[in-house]
Structure formats: structure tokens, C-alpha cells
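Here's the structure we're looking at; comments come further down.
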Amino acid sequence: MEPHNWTDIIAENRDVAPGGLWRPRDCLARHRVAIVVPYRDRESHLKVFLRHMHKFLQKQELDYGIYIIDEALPTRFNRAMLMNIGYAEASKQANYSCYIFHDVDLLPEDDRNIYNCPEQPRHMSAAIDKFSYKLPYYGIFGGVSAFKKEHFNLINGFSNKFFGWGGEDDDLYERTRFHKLKLTRYSMKIARYKMIKHNNEPLNRPNPKRMTLLYSGKKRFKTDGLNSLKYQRLDLQKRPLYTWVHVNITE
Ligand code: BGN
């Protein structure tokens, strides 16, 4: 079932500027926020996500842009690297002070979950319906995370080495700790998310090397990340509700 088509969703969001940019008309927002979304072949999720997020972010009077980083086939999905690419590409478009790294299948439920720039890195998606709104383990950092620009730079972004599912967020947590930053969260009442249902994709199977990579991660924090990021930008389009960045990466 496809409840909405693009024409309707675009019509509902006439105030959004090409590239998925919006800012409040009658005040100057304190932060400029880039929402970075790793993506491949999930169009039905993208529709639900954009419909939800534009409304949600506008209620918070944020100055924001949504960047969809779409990985070309056939390379295995690399969520972390797509986040790094989104950071790099969004930085070229505008002077963002704050980056929110966001899975396309997560929808924030509570308007008090403010998408601003935290003083310390923030794990936003602490309470997901799929995990019965409980934190699976203390250091979990997947789903949605928020960083000030300077902090994301300080930790050298995500590792580029995690192809396939799992571990890249745990590595991000280790980077954050290593640099003496503190992981913060909103209360479990506020940090609530609904996960859109889906089947597991064959190109995003659990990475059998994720434990090895995770346990040896520390020795690569300085050399593997934003400063070693290599990719080919195939296209960038300012589409009505988001900036689409199509990229090719190799393993
Ligand atoms: C963990 C994954 C995370 C994922 C959470 C929630 C690993 C590393 C192996 C030690 N970590 O198990 O990446 O966000 O589950 O799904 O697989």
C-alpha cells in the first residue's frame, strides 16, 4: 500500500525550498542544522520520513536542510561512510553548526525532542518502539545522533571501514569517549521513536568482521574517518524536499 504520492507530499510542503531547506520567517534560528540520512532503495520509507520530519522540524522553528546520501550499487551498504559523506557535502552547501545523523526509518514521536546542537554529543533515539522503548545497552549510539560541528571534527567522524550491518555506531561511541566527550540523552519519555517496518535487505547483512573492527578501532581513530574519506560524487540534485547526493564508494 502506498498511501501518499510525491505530488501530494510536495504540495503539503510548499514552504520548503529546493534542496529540502527551511527556516523560520519571523525569527533568526540559533542553529543551522543539517539532517544527514544514509539511504538506498527505500522510497516508501523516504516518503513517510519526509512527510513527518518537515512538519516536526518546522514546529521547532529550526533553520535546517535535509540531505539524503544515496549509495550506488553494488557495494555493501556503509552507513557510517554515508554519514561522513553527508557531513562533507552539507558543509559545502551551507555553514551548519550542528549535524544530526539520522536513519530513514525512525520517526521522532515527541515534540520536546529538540533537534538542536547539543553541548555534548547526544544519542537521540534512546527509546525505540522496536526495543519496547527501552535502551538495549548503555553505549548504544545507533539510529539518530547529534553532534556539534567541532565535536564531529574532533573525533574524525565515523570510521569508513564498516561495510554491512552493525558495529559502526559502537565505534562512534568509542571515539566519543576516547576524546573525553560525554554521551547525553533526553529522558526516555522524550527520546521516543517509531521504527518503520521493513524486511532485512540482502545488501545490508550483518558484517562478520564487525567485532574485529570494533575491538581494533582505537588504533585507527586518527587515520580512519573524515580525514581519509574517499568517494565519488555521481550527482547532487536539489529536489523539492531534500538534497539528493548520489555517491559511489568502493570496499
Ligand atoms: C548491536 C550492534 C549495533 C546496533 C545495535 C542495535 C554490533 C557490534 C558487535 C559487538 N553492534 O549489536 O551496531 O546498533 O546492536 O541494533 O553488532
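Each ligand, and each atom within it, is numbered from 1 in the order the structure gives.
Between Tyr115 and Val144 there is a side-chain heavy-atom pair separated by less than 4.5 Å.
Heavy atoms of Phe141 found under 4.0 angstrom from ligand 1: none, in either backbone or side chain. Counting heavy atoms closer than 4.0 Å to ligand 1, residue Phe162 contributes nothing at all.
Classification of Lys59 and Asp111 as a salt-bridged pair holds, one side-chain N sitting under 4.0 Å from a carboxylate O. The pair Asp103-Arg42 fails the salt-bridge criterion, with no side-chain N (NZ, NE, NH1 or NH2) lying under 4.0 Å from an Asp/Glu carboxylate O. Ion pairing between Arg51 and Glu12 holds under the 4.0 Å rule for side-chain N and carboxylate O.
Within 6.0 Å of NZ on Lys194 lie no more than 12 heavy atoms contributed by other residues, nucleotides or ligands. Open room surrounds CD on Glu119; 12 or fewer heavy atoms of other groups in view lie less than 6.0 Å from it.
Between Asp170 and ligand 1, at least one pair of N/O atoms sits closer than 3.5 Å. Considering backbone and side-chain N/O of Arg210, one or more are found under 3.5 Å from N/O of ligand 1. The shortest N or O to N or O distance between Asp169 and ligand 1 is under 3.5 Å. Every N/O-N/O distance between Leu214 and ligand 1 stays at or above 3.5 Å.
If you check which protein heavy atom lies closest to atom 6 (C) of ligand 1, you get Ile140 CD1, 3.6 Å. Closest to atom 10 (C) of ligand 1 among all protein heavy atoms lies Met211 SD, 3.7 Å. The protein atom (non-hydrogen) at minimum distance from atom 1 (C) of ligand 1 is Tyr137 OH, 3.4 Å. The protein heavy atom nearest to atom 16 (O) of ligand 1 is Trp165 CZ2, 3.4 Å.
Judged by distance alone, the side chains of Asp70 and Trp244 do bring a donor and an acceptor atom under 3.5 Å apart.
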